[in-house]
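Presented below is the structure to which this report refers.
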Amino acid sequence: MKKILLIIVIAVCVSKMAYSQQYIYLSEDGIRRFLRVDLGYSQWSMQVPDSSARTAQGIHLLNEAKIFSGFSEDWDGFAIHDAFYFGMDIGVLKNERHSTGIGEDKEMESKFSVNIGMGYLGMVGWRTQRWGALAGMDFRWRAATVGDLTMPNLDGPLFYLSTPLVFRGEYGMSKIHADFRVMLTAWTTVSDKKRVPYQSFRLEFPLSKEGRWWLCAQYCGQNAMSEDTFTFTEPQQTKFAQWWIGVRVGNLP
């Protein structure tokens, strides 16, 4: 009898767990409330002193998982936006590749290029049906390559940490649909080499009344140390720049 009761209890627990997982991971509303995804075209470049910029182009992908702001629905008063994010740009070098040697001994610089960014963003502010203003801080890490030009340099950290302040302004274009609003976000750091200065601007324009689809464009610039692993140059101060344009999918927090 005890074994039968134990089997029934386990079956009920498994059934409830399966239902909970279905709601968290498979519910369309849950995905839209807690996740935002970027997809677009990207270009990023690095430029060392007394040299032309090295540029790469490719596909931009980013996944943003909202934490506390995923539970927020109040459009008249205190507002919060926070999220962990991980993004990657994968592409190829646009410039002519460096080469050494001749004939069978000729070696070519790698054409593959990548840009990785991740971190945690948190903002608080005030939002109404028509207006919104939020401010906070972004803790972000970056590593990038353009061909064989790498940032950080090989003797540096694995990723560069920067902590820019972030500000976002919102303007609602509909009195009925609260999510139908334009958003402009800006990042900036104090000019301190230890904090890897970072500046960025992002514009988001709604493509659907319910706030699920957005047209998005962003530019960012950053100064850091890089090294060319093909020509074996010494680490140098580098100007990194990137812009991308594409779509964002997911509800506004």
Side-chain angles (χ1 to χ4, degrees), residues 17 19-40 42 60-89 115-142 159 161-174 177-188 198 200-218 220 244-253:
M17 288 176 63
Y19 176 78
S20 299
Q21 288 183 350
Q22 181 181 11
Y23 176 78
I24 294 174
Y25 298 112
L26 300 181
S27 165
E28 181 180 353
D29 180 64
I31 292 174
R32 291 176 58 184
R33 286 171 60 86
F34 288 91
L35 294 180
R36 299 191 82 191
V37 178
D38 296 353
L39 175 63
S42 175
H60 170 79
L61 299 167
L62 183 140
N63 185 37
E64 182 182 271
K66 293 176 280 188
I67 310 301
F68 302 107
S69 57
F71 299 96
S72 176
E73 294 182 336
D74 190 358
W75 284 96
D76 191 11
F78 178 76
I80 181 174
H81 169 55
D82 76 316
F84 286 103
Y85 59 88
F86 178 85
M88 180 177 293
D89 302 275
N115 173 40
I116 300 173
M118 57 186 175
Y120 174 79
L121 168 69
M123 293 188 293
V124 295
W126 198 264
R127 179 185 285 136
T128 66
Q129 188 83 6
R130 180 64 71 179
W131 300 96
L134 296 90
M137 183 170 285
D138 189 1
F139 299 88
R140 57 172 49 244
W141 286 263
R142 181 190 299 283
F159 287 86
L161 168 66
S162 58
T163 55
L165 300 175
V166 56
F167 306 91
R168 187 168 81 189
E170 305 173 357
Y171 174 69
M173 297 187 296
S174 173
H177 303 281
D179 285 332
F180 196 71
R181 53 181 54 210
V182 178
M183 297 183 292
L184 177 63
T185 309
W187 289 257
T188 183
Y198 177 87
S200 182
F201 299 92
R202 182 171 68 204
L203 179 64
E204 297 174 68
F205 188 87
L207 297 177
S208 57
K209 295 290 186 180
E210 70 277 9
R212 184 178 183 184
W213 295 87
W214 308 75
L215 177 64
C216 187
Q218 183 171 356
C220 69
W244 74 272
I245 184 168
V247 294
R248 303 196 84 190
V249 185
N251 280 17
L252 176 70

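Index from 1, following the sequence.
In plain terms, the two heavy atoms of D179 and W214 that are nearest each other are O-CH2, 3.2 Å. The shortest heavy-atom contact between S174 and Q129 is O-NE2, 4.0 Å. For the pair P164 and Y198, the tightest heavy-atom approach, listed with the atom from each and the gap, is CG-CD2, 3.7 Å. Across all their heavy atoms, D89 and S42 have their closest contact at OD1-OG, 3.0 Å. Nearest heavy-atom pair across V166 and M137 is CG1-N, 3.6 Å. Taking both residues in full, the closest heavy atoms of G136 and M123 are given as N-CG, 3.8 Å, listed atom of the first, atom of the second, then distance.
A distance of 7.5 Å separates CH2 of W244 from CG of L62, quoted to the nearest 0.5 Å. The CH2 atom of W187 lies 7.0 Å from the CG atom of L121; values are rounded to the nearest 0.5 Å. Taking CD1 of I116 as the reference point, atom CZ of F86 lies at 5.5 Å (rounded to 0.5 Å). From I80, atom CD1 reaches atom CZ of R127 across 10.5 Å, with rounding to the nearest 0.5 Å. Annotation: the span from M183 atom CE to H81 atom NE2 amounts to 8.0 Å, rounded to 0.5 Å. Interatomic distance, E170 CD to L134 CG, rounded to the nearest 0.5 Å: 5.5 Å.
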Assess the residue pair R248 and E64 against the criterion (side chain to side chain contact (heavy atoms under 4.5 Å, CB included)); give the C-alpha distance rounded to whole Å, side-chain angles, the decisive distance to 0.1 Å, and a yes or no.
CA-CA 10 Å; R248 303 196 84 190; E64 182 182 271; 3.6 Å; yes
Check against ring pair (Phe, Tyr, Trp, His ring centres under 6.0 Å), W131 and Y171:
CA-CA 5 Å; W131 300 96; Y171 174 69; 5.0 Å; yes
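Counted within 6.0 Å of CH2 on W213, heavy atoms from surrounding residues, nucleotides or ligands total 12 or fewer; the atom is thus considered open. Residue F201 qualifies as open at atom CZ: its count of foreign heavy atoms under 6.0 Å is 12 or below.
Annotation: side chain of S162 is not in contact with side chain of R142 (no heavy-atom distance under 4.5 Å). Side-chain contact check for V247 versus D38: every heavy-atom pair is 4.5 Å or farther apart.
Ring orientation note: the planes of Y120 and F84 are tilted relative to one another, at an angle of 30° to 60°.
With sequence neighbours left out, R140 forms a salt bridge (Lys or Arg N to Asp or Glu O under 4.0 Å) with D138. Evaluation of the side chain to side chain contact (heavy atoms under 4.5 Å, CB included) rule for V182 yields M173, L203, F205, P206 as partners, not counting sequence neighbours.
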